[in-house]
Number of protein chains: 2
Amino acid sequence: MATLAQIAQLAGVTPATVSNVLRGRGKVGEDTKKRVLALAEELGYRPNLHARALVEGRPLTLALVVSSIANPFYPEFTLAAEQAARKQGYFLIVCNTNDDPELEKAYLDQVGGSLAHGVLVMNADFVEQDVLLAAERRGTPVVLCMWERPEQPPALPSIAVDFYRAGEIAAEHLLALGHRRVAAVVGSERNGNHIWRYRGFADAMARAGIDDLAEHTVFGHDTIEAGHEAAHQLLTANPQVTAIFVSNDLPAIGVLQSAADLGLRVPADLSVIGITDINLAHQIRPSLSTVAVPTAEAAEMAVNLLLSLIKGQPADGARPMLVTSRPQLVARDSTGPAR
Amino acid sequence: MATLAQIAQLAGVTPATVSNVLRGRGKVGEDTKKRVLALAEELGYRPNLHARALVEGRPLTLALVVSSIANPFYPEFTLAAEQAARKQGYFLIVCNTNDDPELEKAYLDQVGGSLAHGVLVMNADFVEQDVLLAAERRGTPVVLCMWERPEQPPALPSIAVDFYRAGEIAAEHLLALGHRRVAAVVGSERNGNHIWRYRGFADAMARAGIDDLAEHTVFGHDTIEAGHEAAHQLLTANPQVTAIFVSNDLPAIGVLQSAADLGLRVPADLSVIGITDINLAHQIRPSLSTVAVPTAEAAEMAVNLLLSLIKGQPADGARPMLVTSRPQLVARDSTGPAR
DNA sequence: ATGAAAGCGCTAACAC
DNA sequence: GTGTTAGCGCTTTCAT
């Protein structure tokens, strides 16, 4: 690997001059500039980013901590985050935690603050906030992505999405279609991070006079399999149900399959609606009605907030929370009029 | 951010000693060790990885270049690669190229050789090998992942999967089920990277006396949508077809949907088989029969090969190609006896 | 327009 | 056991 010094020697100048030429800074003579440029090209010179980061005191990478890149939502978010980061001259390091707090801590310790200039964290619920706060206290900018409760800001800078509203929107859609006997599948534990979506849905339903939802609600996990199982349980016990609200698209797909397994036609016999609008939602059959959440927008906002934190640094204790634009109904083939 | 020097000063020793304490190297007195450790803990010391990488001449990250992390195959591969890398003390930088050669080159230039110690590259077909060879010539170890032609090693170190054999296996499965009127959907251009899977399939079919496959083959892209479209075209023009081979799971899912749209029952009316066994394959309904490819194994082999290249470096021009274990049939619900 | 010098934070080799 | 020294590759004043 060619270094600045090598080029300098061959060009008969000093490293400083070479640096100036390559970065277009300072005044350099036309002829030396030509010479240096030619040499750099010939030797295939590439700056050592570690050295640059060291002297500039500013690493060139951002870290994204996710529980598992294999959950289809994350790649979509990651893609947007990576593009936003690159646009600002940063690289993105992906840190998979597999919901392992130890791993999470290890990543935060090692990557945060030196290798990476700042950290984006998903799934604030799995995370012990202490770990994040400790990292922040050490000087690592941290941004929580996809916070679910805009009305109650977390202890860290964050990007929030109004998931409560998303739940309401889903309810309004089902109500407009005439559904009154509805059930719900929640892709998290009873106190997990999907609870606000469910509350939004449940509150809207309650306002419409539907008050037995709680009896027809199953809590579980954010997977296709869990959705499948929950729906099976729900549908066999309550065949009169005409619509199921699911707190996330992945388990919603499981619900769709469960309906198919039970011989139910969607949406003629049963309507299903999810939340998020992952790519898969429009790719499966029947395509999934859902409440779209601005994933790419959130990713971009998160990167920009992180970067502004990095630059402006201690806005003396201010913990900004930015809210994305509103979730939006995407009505597809999995919802229809109540039978 | 606390530094070694700060701790050293507070502890009344030199940076070297602190370094020794923290890394457990060299001989250090019990009491100073205690003192240093306490200070480090108190100040929340974290080593600057850039500085360490600089002096050790060994970065701590590996880069993974993929065309789009949003294609569900990549996250699965990425997950395995990240775990293998971490096991060896490396971090993984994800580089999305969106099939843009410019971006690819930029990533290789900037990340390879300084920020990252080596580079894993997927989709060797989209990549101009020149760019990779140039990077390698500059001293950046490069490993091609998922090379599709074991019998013809590429110009770079690589991990190969016997996709030709995978195609054969798919053919054998359909033949065993009695299918004679078969069609094929290829998820790449006519000369794209899926061609060897198709050849494997076609050759096995030819050996069984089926020689009109070429007339029932559609080339396209590696997406659900493309598979859907190709199947629609194929099935409306050739209703007598009883089975479709698809060169990848994603378009195979599209074929499944197309069959559903046309009112065909799978597998009673039509059998469909894919290749890869992505997670989605067992999650959709009907579940997809496919030929599983050892994704995680390939990822791990790729990381290990890259690391050995980094250590052993120039095995003087040797361009090792490692072949993963054999693809394997995974018969699910999308294939059945010919009607 | 170019050079000299200092230093980013850390590790390694060797001296004490 | 602990300190000293040097240097990784680069950028940035400040001289010249």
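Nothing here was measured: the structure is a model prediction, and the numbers come from that model. Throughout, a chain's letter reflects where its sequence line sits, starting with A, and its residues are numbered from 1.
- Between A/K27 atom NZ and D/dT12 atom C1' there is a gap of 16 Å when expressed in whole angstrom units.
- Between B/R23 and the phosphate of C/dA12, there is a side-chain N or O to OP1/OP2 separation shorter than 4.0 Å.
- Where A/A51 and B/R35 each meet DNA chain D at their nearest nucleotide, the meeting point lying more 5' is that of B/R35.
- Checked against salt bridge (charged side-chain N to carboxylate O under 4.0 Å, His left out), A/E56 has the following partners two or more places apart in sequence or in another chain: A/R23, A/R58.
- Residue A/S114 is out of contact with every strand shown, counting any heavy-atom pair closer than 4.0 Å.
- Whole-Å rounding puts the A/K33 NZ to C/dA1 P distance at 10 Å.
- Under 4.0 angstrom from either OP1 or OP2 of C/dC10 there lies no side-chain N or O belonging to B/R52.
- Regarding B/K34, its NZ atom lies at a distance of 18 Å from the C1' atom of D/dT2, rounded to whole Å.
- Comparing A/L4 and B/P15 by the nucleotide of DNA chain D whose heavy atom lies nearest to each, the residue mapping closer to the 5' end is B/P15.
- Taking atom CD1 on A/I7 and atom P on D/dC10, their separation rounds to 8 Å, with Å as the unit.
- Remark: A/L49 CG to B/Q110 CD distance equals 7.0 Å, nearest 0.5 Å.
- For the pair B/H50 NE2 and D/dC8 P, the computed distance is 19 Å after rounding to whole Å.
- For A/L54 and D/dG7, the CG to P distance is 17 Å, given to the nearest whole Å.
- A sub-4.0 Å separation between OP1 or OP2 of C/dG3 and a side-chain N or O of A/T14 is present.
- Nearest to the side-chain atoms of B/T17 among the listed nucleotides D/dG3, D/dG9, C/dT2 stands D/dG3.
- The separation between A/Q9 atom CD and C/dA4 atom P is 13 Å, rounded to whole Å.
- Residue A/Y45 places its side chain closer to D/dC10 than to any other of C/dA5, D/dC10, C/dC8.
- Of the candidate nucleotides D/dT2, C/dC10, D/dC10, D/dC10 has the atom lying nearest to any side-chain atom of A/V55.
- Listed pair A/S19 / D/dT12 fails the phosphate criterion, with no side-chain N or O lying under 4.0 Å from OP1 or OP2.
- Side-chain contact between A/V142 and A/L306: absent, with no pair of heavy atoms (C-beta onward) separated by less than 4.5 Å.
- Around the CD atom of A/E297, the shell of radius 6.0 Å holds more than 12 heavy atoms that belong to other residues, nucleotides or ligands.
- Listed for the A/E76 side chain is a donor-acceptor partner under 3.5 Å among the backbone atoms of A/N279.
- Side-chain proximity of A/T3 to C/dA4, D/dC10, C/dG9: nearest is D/dC10.
- Residue A/G29 is classed as a sugar-phosphate contact, given heavy-atom separations below 4.0 Å to backbone atoms only.
- We find that CG of B/N20 is positioned 14 Å from P of C/dC10, with the value rounded to whole Å.
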